[in-house]
Amino acid sequence: MSKTEGQEVVLIAVLAVLWLALGFGTDTFFAASNLQNILATVAPVTIIGIGMTAVIVTGGIDVSVGSALAVVLVLVAKLVRDSGLTLVPAVVAGLVAGGVLGALNGVLVAYGRVHAIIITFGTLNIFRFVALQIFEGKEVAGVPGTLELLGGGADGRSFGIPHSWLLAVLLAAGMWFYMRHAPTGRHLYAIGGNAPAARLAGIRVNRRLVGVYAVTGVLVGLAACCVIGGGGLVAQSAGTGLELQVIAAVVIGGTSILGGRGSVLGTVLGALLVGTVTSAVTLLGWRSELTALFIGVFILLAVGADLVRERRRRRE
Amino acid sequence: MTTTTDALLSLTGIRKHYGGVYALRGVDFEVRTGEVHGLVGANGAGKSTLIKIISGAEKPDDGTAHLNGTQLAEGDTVAALKAGIATVYQDPQLFGELTVAENVFVGRELRKHGRVDWPQQRRRAGQLLESLGLPPKLAARRIADLSVAEQQLVSVAKALAHEARVLILDEPSAILTDREIDTLFHAIRSLKERGVGVVYVSHRLDELAQITDRVTVLRDGNVVASHAAKDLTVRRIAELMVGHALDDDTAERAAPTGEPALVVADLRRRNRFTGVSFEVRPGEIVSLFGLVGSGTGSIARAVHGVEPADSGQVRKGQTAMLPGDRARQGVFATKSVGFNISIASLKGLWLKRKRERTTAEEFIRRMRIKTQGPSALVATLSGGNQQKVVLARQLVERPEVLILEEPTQGVDVGAKEEIHSLVGDIVGRGTAVLLVSSDLPEVMRLADRILVVRGGRITARFGKGAAQADVLAAAAGDE
Amino acid sequence: SKKDQPATGDQARVKVAFVPKLQGIPYFEAMNTGGQKAAKDLGIDWIYKGGTTADPGAQTEILKSLIQQKVDVLVVAPNDPDSVVPILADAASKGIKVLTSDTDAPNSVREMFVNQATADGIGKSVIDSLMTAMNQRGKFAIVSCGQTAANLNSWIDVQKRHAAEKYPDATLVDTVYAGEDEAKAVSMAKDLMNAHPGLTGLIGQCTASAPGVAKAVREAGKIGKVFTVGVGTPNSMKPYLQDGSSSAAVLWDVEQLGYLTAWAGLKVKKGEQPQATSNVSAKLPAVKYEDKTLLLGDPLKLTKDNVGDYDY
Amino acid sequence: MKRLVTDRVLLLVALLVVLVVWMSLLGANGYLVAPYDVDYLLSSLESVVPLCLLGVAELLVIVSGRGGIDLSVGAMVSLVGMAFGFMVGDWHWPVWIAIIGAVLAGAVLGAVNGFLVAWLGVPALIATLATYYAFSSLALVSNDNAPISTQPVQDLHSLTSTVGQVPTQVFTFLLPCVVLAWLLANRTNYGRRLYAIGTNEAAARFAGLPVVKIRFRAYVLSGALSAVVAVITVAQFASARPDAGTVGNGMALPAITIAILGGTAITGGIGRIGGVVIASLFVVWLNAGILLAFEDSRGSQYQLLALGAVLVASALLNRATLTRRE
Ligand SMILES: Nc1ncnc2c1ncn2[C@@H]1O[C@H](COP(=O)(O)OP(=O)(O)OP(=O)(O)O)[C@@H](O)[C@H]1O
Ligand SMILES: Nc1ncnc2c1ncn2[C@@H]1O[C@H](COP(=O)(O)OP(=O)(O)OP(=O)(O)O)[C@@H](O)[C@H]1O
Ligand SMILES: [Mg+2]
Ligand SMILES: [Mg+2]
């Protein structure tokens with residue numbers, strides 16, 4: 001029930017200003033194809049960010065999502081290309097594979113009671129190894145368009161909006177409702193606030209932890225299906241550095257990295273902001289190397305806004 | 001041990017050790033229906049450990065626990081809660097970012113259609129707060145914005161929120177003022193009438209006669225006595241706790257002289273305190289006394305400089321402060337006793353390890369700290385001994401001004417005596433002491449002057465020899 | 001399992017080790033295939049050992065392990081030409097013959113560079129192919145990969161110069177870097193098309209961005225309006241060449257490059273100097289040698305007609 | 001025996017001995033493609049130097065508490081490396097002045113992190129994520145994506161020649177830095193205070209410690225150590241590359257891994273320099289051994305598995321021993 005929904009308002013304002021400026025500053029920002037590209041590009045990060053938000057709210061973190069994504073990508077790509085799996089079984093396979101990896105993280109974090117950053121640093125390496133084993137030394141080329149419905153092409157859109165992003169928003173709404181109104185969803189905040197006290201209060205801490213990491217894994221699986229989308233190429237380096245992008249989106253969205261506070265809606269907006277900035281740099285013809293600089297600046301601005309709000313609360 | 005028929009909760013032969021430390025050495029303990037059972041003992045006697053075993057937060061090495069004749073699962077807090085055992089731990093187990101209402105119902109939320117029933121929770125929490133003397137509107141506030149005392153009462157409300165058959169209170173009164181304690185006792189009595197068994201842990205021995213039916217005394221992990229409360233005097237209990245007879249004379253000190261070592265002029269902080277002015281001379285103990293939330297703690301912290309003030313002046317000599325919350329603000333738990341004692345008085349570039357060791361040894365001896373030595377980890381010490389370590393840290397430098405916030409909170413009578421006499425020594429050597437305490441007898445005994453704080457203002461000033469009742473009335477306001 | 005120890009009678013078998021920029025991309029795997037074929041034909045041992053990331057540090061550690069293994073010939077495709085200079089000098093000082101292949105390290109002690117095609121050849125070929133598709137006019141952009149990749153940057157220089165000289169009606173509007181990441185290349189290519197509505201040409205500078213820009217054109221539904229040419233491997237480009245989202249891919253016969261690399265390794269070990277034109281094998285009848293550089297031949301232009309002839 | 005599992009440094013030393021003996025035996029009996037001998041181990045020290053120095057940098061900031069971590073070390077290596085490249089390669093400064101300049105530049109970058117984390121109170125993970133993005137971007141922009149490897153930069157390689165079989169930088173950079181860091185952590189009052197603020201910040205504040213300044217300095221030190229690594233990296237590769245510290249997985253993740261493997265508690269206040277040194281030796285020698293175990297490219301893949309497994313296993317082992325002691 002705590003009122004943390006301040007960041008969303010700030011983000012909406014920032015996005016509105018940015019979009020208006022870009023709309024006036026360029027001829028093409030509001031072209032459907034541009035907005036579609038932004039949404040399709042941010043969808044995987046948003047989808048994973050939904051899970052990451054829950055993980056961070058419990059006081060944890062998952063830096064293995066990039067490697068887990070690589071595992072699911074190569075697995076699903078090979079199944080689709082070599083075993084001719086159709087859409088639904090392929091997606092199910094992706095979700096299950098992602099879920100298994102996530103659950104492994106969850107079990108290690110919950111029952112090992114070691115800080116999540118250590119465990120997931122470990123599994124980051126292990127999952128990458130697993131992915132490389134499945135790649136068998138070759139990238140997966142010529143993946144057919146089985147998952148087109150989730151991809152960035154025309155088949156991947158309804159009413160002009162990419163399915164992958166629609167899916168992300170739907171899932172985010174579901175997760176928001178769960179974390180806001182379901183008792184076990186509230187428990188995630190309690191665990192992030194004070195895990196030993198949560199145990200004493202009778203909250204099934206381990207179950208919840210395994211749950212959030214497993215859900216994050218499932219979402220990684222879904223994101224992988226969106227990345228494969230219309231097919232093409234899955235390279236061995238897939239997913240490298242993804243964890244930082246996801247964490248950046250979550251943090252810009254106002255979730256406290258210390259746990260106990262945060263919201264999924266902020267994450268959706270945070271990812272959108274990152275996507276907008278990335279796209280804007282190209283639209284404006286600026287050097288693409290500067291994108292990272294702007295993302296860094298926005299992270300600081302977002303956290304700065306949060307700090308200022310929190311200070312004001314404290315003073316009241 | 002024979003289990004009497006009306007025993008609600010009974011423990012037999014409970015043993016527990018932590019490494020080489022034996023916390024409990026075969027304890028038998030029982031609580032009857034509708035009984036308030038006082039559990040007392042010196043620091044480290046094993047009270048909290050016993051309670052954690054009942055609540056399932058710890059697993060015993062040996063022994064069994066029965067509730068109404070059925071054996072309780074070991075080390076399972078969920079099972080204990082389900083069986084009707086509600087526990088208020090020594091440190092409040094709350095969630096700072098959640099509201100009071102959510103904290104009260106956490107883990108056992110009120111539901112409607114599978115969702116949290118927010119209005120119902122808010123209403124019920126409000127009622128519970130009211131029964132403990134807190135304003136119901138607090139239910140919507142975030143825990144982090146509450147004072148420690150308010151938080152303590154919220155923990156009690158949390159324990160009362162569900163139909164409990166056994167209620168365990170581990171030192172609930174340590175940071176409460178008498179007025180709040182009265183409200184708390186009122187709540188306990190009404191539970192008692194409903195047949196709930198209550199375990200009540202306290203170092204304030206004078207409370208025991210008011211509220212308990214029976215008192216069990218623990219010493220070094222053993223039960224040394226268990227009697228009806230009416231058969232025991234405060235003095236007798238104290239003697240049982242420490243194992244020897246007590247003498248209670250207070251040393252008279254010379255009147256303070258000289259220029260003030262601490263001058264506070266018109267100190268103000270929005271919403272906390274305003275117009276605070278006083279001075280403390282070398283060799284003088286001035287006490288700030290007030291009910292919970294009155295602002296005494298905030299004033300002390302602002303004087304020390306660890307919390308901000310909006311305006312006003314503080315002129316002081318070298319100052320040290322004993323913080324009020326030992327676990328959070330006092331000890332460096334994973335570090336050694338020597339580290340803890342020396343950390344505030346490091347000088348120059350290089351660490352002087354030999355000096356650190358000898359200093360630590362000197363204070364361990366002088367303050368009779370029970371520990372294996374300077375290199376023992378502070379976390380392995382009992383609460384009272386940890387408190388002495390933190391106090392020692394403030395004394396290494398021989399500060400001109402010493403601020404003490406709740407110096408004997410959660411400390412047993414023996415250690416309390418020792419700390420009081422230490423404070424006497426310090427003042428005798430010319431240190432100016434500002435004492436913030438909610439323990440009125442302590443204030444009456446130590447202070448040369450008492451400044452009563454109400455609503456963030458100093459509303460009355462008393463000299464030595466004032467009547468306890470007058471001070472209390474001033475703090476509570478005339479009603 | 002016990003590793004094969006060189007039997008005493010087998011002393012003569014020459015060990016040639018090749019260190020790619022990174023393992024697991026079809027380009028270098030195809031070189032490995034060619035190298036293995038050559039090893040069989042020439043009676044040498046061929047070792048292929050690469051890191052999991054295209055990182056000069058990881059490459060150095062692998063080179064070190066091969067020096068420790070006392071291979072006879074060390075061939076490297078350096079991630080950073082200058083960074084391998086010291087370790088190659090170290091190898092040479094231990095009596096190991098040193099070559100570069102695919103990417104040169106001109107400042108190093110390498111005795112020979114096996115060049116797939118000159119930067120000039122690749123750069124011009126890419127531009128010429130694109131300009132044919134674009135009818136010699138219009139706006140185009142480059143989606144490159146690593147910002148610091150020396151060979152890609154040298155191709156970009158040639159492309160800029162060549163386009164300016166030979167195609168005055170065409171303008172290069174932007175160069176962006178997508179890393180070795182196909183998805184990012186797709187997204188950036190779409191951004192470029194949005195930013196420049198009149199854009200009619202895209203270059204995918206490496207094997208990750210070549211299929212990437214083609215996919216972007218396909219997904220944007222601009223086949224026939226925006227033309228792409230890239231440096232891509234046959235299998236990854238095949239679907240795009242077939243539906244026209246890619247007009248052509250410029251590459252070279254990578255397997256033959258591997259073959260030639262192994263052959264060159266043996267030559268250097270034997271202390272022989274290749275002739276100005278050598279007959280290496282049936283498929284490589286006339287390999288030119290000049291200025292310590294062995295040249296595979298002209299770039300190979302992959303189109304929908306010949307892409308089926310290659311399998312990597 | 002009990003100390004072996006509870007004392008991280010002892011455990012690592014034991015593991016290191018087992019590793020070296022086992023690998024040497026494998027090598028001597030022909031199970032490896034090349035002997036795992038002293039020469040090889042000594043030449044591998046080249047990889048220990050940057051890893052260990054950055055591990056120490058991470059230790060300092062992690063120990064400082066409040067979720068301390070520095071994701072930007074790799075980006076600082078890139079950016080300071082470029083600055084160093086300019087000083088030596090373009091502006092022709094004398095090497096010693098340039099080294100001092102580079103370390104100062106690193107300290108300034110570290111101070112940016114320190115300002116954000118210690119003064120403004122931005123959580124370290126976020127602050128350094130932001131500066132990681134910013135610094136790596138600036139490094140690329142600084143010279144138009146191109147490395148600097150003019151003759152003076154190439155000449156720097158002499159800084160990293162060998163003494164006997166040992167890389168010079170072990171003596172000229174690693175040992176002095178590690179000894180200084182050890183003295184700082186264990187023999188100075190600053191070290192004591194650093195551990196104190198990491199253990200319990202509120203208590204430190206009540207004890208009158210200048211918490212902000214102490215934490216700020218930890219980040220400055222991290223920047224300075226990254227600068228030392230930048231200098232070594234430029235010299236070792238005879239080239240200042242704008243992505244030196246961020247290419248592939250970058251240098252930050254391995255450095256954090258080493259710090260944690262060395263027994264640094266992510267919650268702050270606990271960590272030993274010795275642990276980091278041994279952990280970096282262990283990881284580098286393990287990786288070097290794995291490379292010799294495979295003739296083909298699989299070695300690099302198994303390195304990932306080994307690192308991940310060692311990290312998870314050691315964390316769980318630590319946990320298990322702590323639980324038993326409680
Ligand atoms: N987690 C622990 N690890 C090691 N020793 C412990 C631990 N918890 C308690 N002890 C030791 O067990 C003994 C009993 O401690 P306990 O907390 O039960 O005492 P207590 O009677 O509640 O004291 P206090 O009045 O100070 O709260 C003490 O000697 C204490 O140091
Ligand atoms: N107007 C207010 N707004 C918000 N919080 C308040 C306000 N007034 C008091 N508080 C809270 O109540 C507490 C007041 O405690 P203070 O130190 O002033 O008195 P105290 O009785 O000594 O309390 P403590 O037991 O914390 O020492 C503060 O911790 C603060 O969080
Ligand atoms: Mg206790
Ligand atoms: Mg108080």
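Every chain is numbered from 1, with letters handed out A, B, ... down the list of sequences. Note that these values count all heavy atoms, side chains included, but never hydrogens, waters or copies made by symmetry.
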**OP:** Counting only heavy atoms closer than 4.5 Å, note whether D/Asp144 contacts chain A via side chain, backbone, both or neither.
**Re:** both
Subject >> A/Gln133 side, atom CD; D/Tyr302 side, atom OH - distance, nearest 0.5 Å >> reply: 4.5 Å
Original post:
With a 4.5 angstrom heavy-atom cut-off, which part of A/Leu244 approaches chain D: side chain, backbone, both or neither?
Top reply: both
**OP:** Measure D/Leu138 against the heavy atoms of chain A and call it side chain, backbone, both or neither at under 4.5 Å.
**Re:** side chain
Original post:
What part of D/Ile266 is in contact with chain A, defined as an atom under 4.5 angstrom from a non-hydrogen atom: side chain, backbone, both or neither?
Top reply: side chain
Subject >> Max heavy-atom pair count under 4.5 Å with chain A, selected residue of D/Asn145, D/Leu71, D/Leu116 >> reply: D/Asn145
**OP:** First locate atom CG of A/Leu108, then atom CG of D/Leu316, and finally report the distance between them rounded to the nearest 0.5 Å.
**Re:** 6.0 Å
Subject >> Distance (rounded to the nearest 0.5 Å) between A/Phe129 CZ and D/Leu305 CG >> reply: 4.5 Å
Original post:
Hey, which of A/Ile257, A/Val297, A/Leu124, A/Leu258 has the most heavy atom pairs under 4.5 Å with chain D?
Top reply: A/Ile257
Subject >> Considering all heavy atoms, the nearest D/Pro123-A/Val303 contact >> reply: CD-CG1, 4.2 Å
**OP:** Could you tell me whether D/Phe86 atom CZ has more than 12 heavy atoms of other residues or ligands within 6.0 Å of it?
**Re:** yes
**OP:** Please flag which part of A/Gln236 lies under 4.5 Å from any non-hydrogen atom of chain D: side chain, backbone, both or neither.
**Re:** neither
**OP:** First locate atom CD1 of D/Ile260, then atom NE2 of A/His115, and finally report the distance between them rounded to the nearest 0.5 Å.
**Re:** 9.0 Å
**OP:** Tell me, out of D/Ser314, D/Gly67, D/Ser297, D/Ala315, who's got the most heavy-atom pairs with chain A below 4.5 Å.
**Re:** D/Ala315
Subject >> Among the listed options A/Gly296, A/Gly112, A/Ala292, the residue most often paired with chain D at heavy-atom distances under 4.5 Å >> reply: A/Ala292
Subject >> Top contributor to chain A interface from D/Ile256, D/Val310, D/Thr131 [non-hydrogen pairs under 4.5 Å] >> reply: D/Ile256
Original post:
Do you know which two heavy atoms are closest between A/Leu300 and D/Ala130, and how far apart they sit?
Top reply: CG-CB, 3.6 Å
**OP:** Check the pair A/Gln245, D/Tyr133 against side chain to side chain contact (heavy atoms under 4.5 Å, CB included), reporting the backbone distance first and the verdict last.
**Re:** CA-CA 10 Å; A/Gln245 292 175 37; D/Tyr133 279 123; 4.0 Å; yes
Original post:
What heavy-atom pair brings A/Leu293 and D/Ser137 nearest, and what distance separates the two atoms?
Top reply: CB-OG, 3.4 Å
Original post:
Side chain, backbone, both or neither: which part of A/Arg287 has a non-hydrogen atom closer than 4.5 Å to chain D?
Top reply: side chain
Original post:
Highest number of heavy-atom pairs under 4.5 Å with chain D: which of A/Thr240, A/Val251, A/Thr291?
Top reply: A/Val251
Original post:
Which atoms of A/Ile117 come close to chain D, meaning under 4.5 Å heavy atom to heavy atom: side chain ones, backbone ones, both, or neither?
Top reply: side chain
**OP:** Using non-hydrogen atoms and a 4.5 Å limit, figure out which bit of D/Tyr132 sits close to chain A: side chain, backbone, both or neither.
**Re:** side chain
Subject >> Contacting region of D/Ile126 [heavy-atom separation from chain A under 4.5 Å] >> reply: both
Original post:
Top residue by heavy-atom pair count (under 4.5 Å) with chain A, among D/Leu129, D/Val312, D/Leu140, D/Leu307?
Top reply: D/Leu129
